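Comments concern the structure below.
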Amino acid sequence: MMNNTDKSFITRSKRASIDRETAKGRTGMVASAHHLATDIGEKILESGGNAVDAAVAIQFALNVVEPMMTGIGGSGFMMVHHRDSNETKIFDGHTRAPNAAHPRMFLDDNGEVIPFKKRSTHGTAVGIPGILKAMDAALSAYGTKPLAELIEPSIELAEKGVEINWVFKDALEHFHYRLGKHAKNFYLPDGKNRKEGEKLMKKELAHTFRVLQDKGIAAFYEGEIGEAIITALKESGGFMELDDLKNYQITIDEPMWGEYKGYKIASSSPPSAGGLMVIQILKLLESFQLEQYDSRSWEKYYLLAEAMRIGFSDKVTYFGDPEFVDMPVKGLIDDRYIEERKKLINFERRNDAIDFGNPWKYDKPGNHHYVSQPDDIEKSETTHFTVTDQWGNIVACTSTVEHPFGSGIMVPGYGFVLNNELTDFDTEPGGLNEVEPGKRPVSCKSPTIIFKDGLPFLTLGSPGGPTIIGSVFQTIINVIDFNMDLKEAIEEPRIMVTNGPLIEWEKGISMESKGTLESMGFEFADDPHVIGNVQAIQFDQKTGTLYGVADSSREGKATGLN
Ligand code: GLU
């Protein structure tokens with residue numbers, strides 16, 4: 001087996017299954033990164049459930065079929081658009097640090113950064129899981145079916161067993177080193193990788209789901225599942241207590257709203273940087289009229305790269321949990337600030353002067369807190385799914401255990417892994433995103449819904465840590481500026497750059513354009529790799545047709561109802 005720390009573990013060509021179709025529907029649409037989860041969502045809609053019901057059922061199903069990406073041991077942002085009330089809300093079930101967490105917890109006794117592999121698989125990396133509470137709250141607010149009914153299909157799936165697909169096999173191949181003792185015993189009992197097509201039964205997970213069915217989510221936050229979590233964490237050096245679980249609260253937030261070319265964008269709000277960054281990058285690009293260039297021209301890649309570099313230099317400087325720190329939320333997307341930042345785009349060379357700006361000028365008075373962080377963080381890859389129903393409700397949810405298999409700590413007897421989401425906090429203390437008890441780390445999750453003339457036009461999201469932002473805004477410009485159909489827009493090769501020197505790229509970008517950019521001082525990663533995994537639904541309000549697409553970078557599926 002390999003034992004490396006590749007930036008991306010999805011090794012197959014993204015375009016291998018590009019011919020998988022765009023789903024069409026009129027009365028509902030489901031898109032997720034696994035066909036069995038999509039099928040379960042579809043069944044819930046068929047049985048009269050709404051989008052929130054279906055989303056909850058899908059989240060449980062993904063715990064069975066994509067356990068390395070998401071599950072009840074993790075967290076997520078669930079965006080709900082409720083058609084009748086025209087409300088769009090974010091059920092923020094993002095993780096929080098336990099009470100004993102502290103700013104120096106990722107440093108050793110000498111003040112040195114603990115290497116990533118070690119700090120990300122240690123009990124202290126595990127944040128309080130929030131997804132169950134977020135789902136429960138969304139269900140109380142907008143759902144129509146009881147939680148127990150929505151869990152049932154996933155119990156059947158877990159008991160029957162799930163065939164291992166190439167995505168899961170690749171994840172095991174690359175990340176088996178993250179698995180703790182219990183997870184290793186379960187996933188790799190004889191030390192050899194599993195085969196594609198092999199069936200994996202999940203009796204312990206089915207048992208956990210039954211407990212949740214019988215006792216509700218209290219079994220997790222204050223009952224037997226919670227106790228088992230704390231015991232497992234204590235064995236792995238963690239310091240979470242049952243009180244941390246008991247006291248955990250989600251928030252129900254207004255989305256971050258922005259405008260792009262007459263479209264209204266609703267995306268995640270802080271503590272996710274995702275929504276604000278997607279909006280800021282789009283606003284930086286808005287006046288350049290991207291559509292005048294070929295979609296694979298150097299001019300397009302150049303503009304995208306510089307806009308991302310400008311955006312991410314602000315991201316690392318100005319973001320933290322808004323319950324704890326002040327952020328220039330308004331300033332970051334103020335038109336005057338955007339005008340000022342756009343001047344960094346020169347069309348001649350990679351601009352070495354790109355650094356964080358001063359959005360406070362266009363906000364209330366404030367300060368910046370940039371603290372340099374180690375560059376050893378591996379790329380996270382989780383999951384995004386989306387549903388719409390016959391009443392026009394929409395759910396867009398990105399949920400996660402952070403890195404593949406999370407912390408690798410599996411709760412004995414309960415069959416699910418715990419996240420390592422606290423590694424999204426700064427490792428070096430002193431900045432806005434330093435670890436503090438009860439605080440939420442800065443996320444990049446960007447579940448997004450775009451409206452045109454007050455009606456839904458597009459919903460999308462992606463996993464992939466910072467690359468979430470890149471995947472989401474590039475899909476949006478492919479649809480809006482380049483007029484691509486949804487499938488093309490998602491399959492179009494993406495590029496990604498943060499505030500570091502390298503442009504990551506997907507197979508298929510123009511080599512000529514890459515050469516031009518290199519001559520302008522840009523650096524490209526040696527090899528292409530998959531960036532993100534977008535699930536999306538487009539709404540044709542004129543004809544009433546829904547288009548759904550699951551990205552071919554995994555074995556996802558979109559299904560329409562008629
Ligand atoms: N670290 C990610 C975040 O921004 C987790 C989600 C993902 O990588 O897909 O919240």
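All of these numbers come straight from a predicted model, not from anything done at the bench. Values below: all heavy atoms of this structure, side chains included; hydrogens, waters and symmetry mates excluded. In what follows, residues are counted from 1 in the order of the sequence shown. In each ligand, atom 1 is the first atom listed, and ligand 1 is the first ligand listed.
- Distances between N or O atoms of E402 and those of ligand 1 include at least one value under 3.5 Å.
- The OG1 atom of T88 lies 5.0 Å from the NE2 atom of H81; values are rounded to the nearest 0.5 Å.
- In terms of protein heavy-atom proximity, atom 10 (O) of ligand 1 is nearest to S443 OG, 2.6 Å.
- Taking distance alone, with nitrogen or oxygen atoms compared against 3.5 Å, D424 approaches ligand 1 more closely than that limit.
- In summary, the aromatic rings of Y187 and F168 are positioned with their centroids under 6.0 Å apart.
- Between the side chain of T22 and the backbone N or O of V549, no donor-acceptor pair lies under 3.5 Å.
- Of the protein's heavy atoms, C444 N, 2.6 Å lies nearest to atom 4 (O) of ligand 1.
- Taking the six-membered ring for Trp and thresholds of 30 and 60 degrees, F77 and H94 have ring planes inclined between 30 and 60 degrees apart.
- Residue-level proximity to ligand 1 for T382 is carried by backbone and side chain together, each with a heavy atom below 4.0 angstrom.
- Of the polar atoms of K445, at least one N or O is found under 3.5 Å from an N or O of ligand 1, judged by distance alone.
- At least one N or O atom of G464, backbone or side chain, sits closer than 3.5 Å to an N or O atom of ligand 1.
- A cation-pi contact links K133 to Y221, judged by a cut-off of 6.0 Å to the six-membered ring centre and 45° from its axis.
- Counting the atoms of ligand 1 from 1 in the order shown, those under 4.0 Å from a heavy atom of G465 are 2 (C), 7 (C), 8 (O), 9 (O).
- Looking at V411, T208, L245, I217 one by one, the single match for side chain to side chain contact (heavy atoms under 4.5 Å, CB included) with I225 turns out to be T208.
- Between F405 and H174, the distance from one ring center to the other does not fall under 6.0 angstrom.
- Interface atoms of ligand 1 facing P463, defined by a heavy-atom separation under 4.0 Å, are 9 (O).
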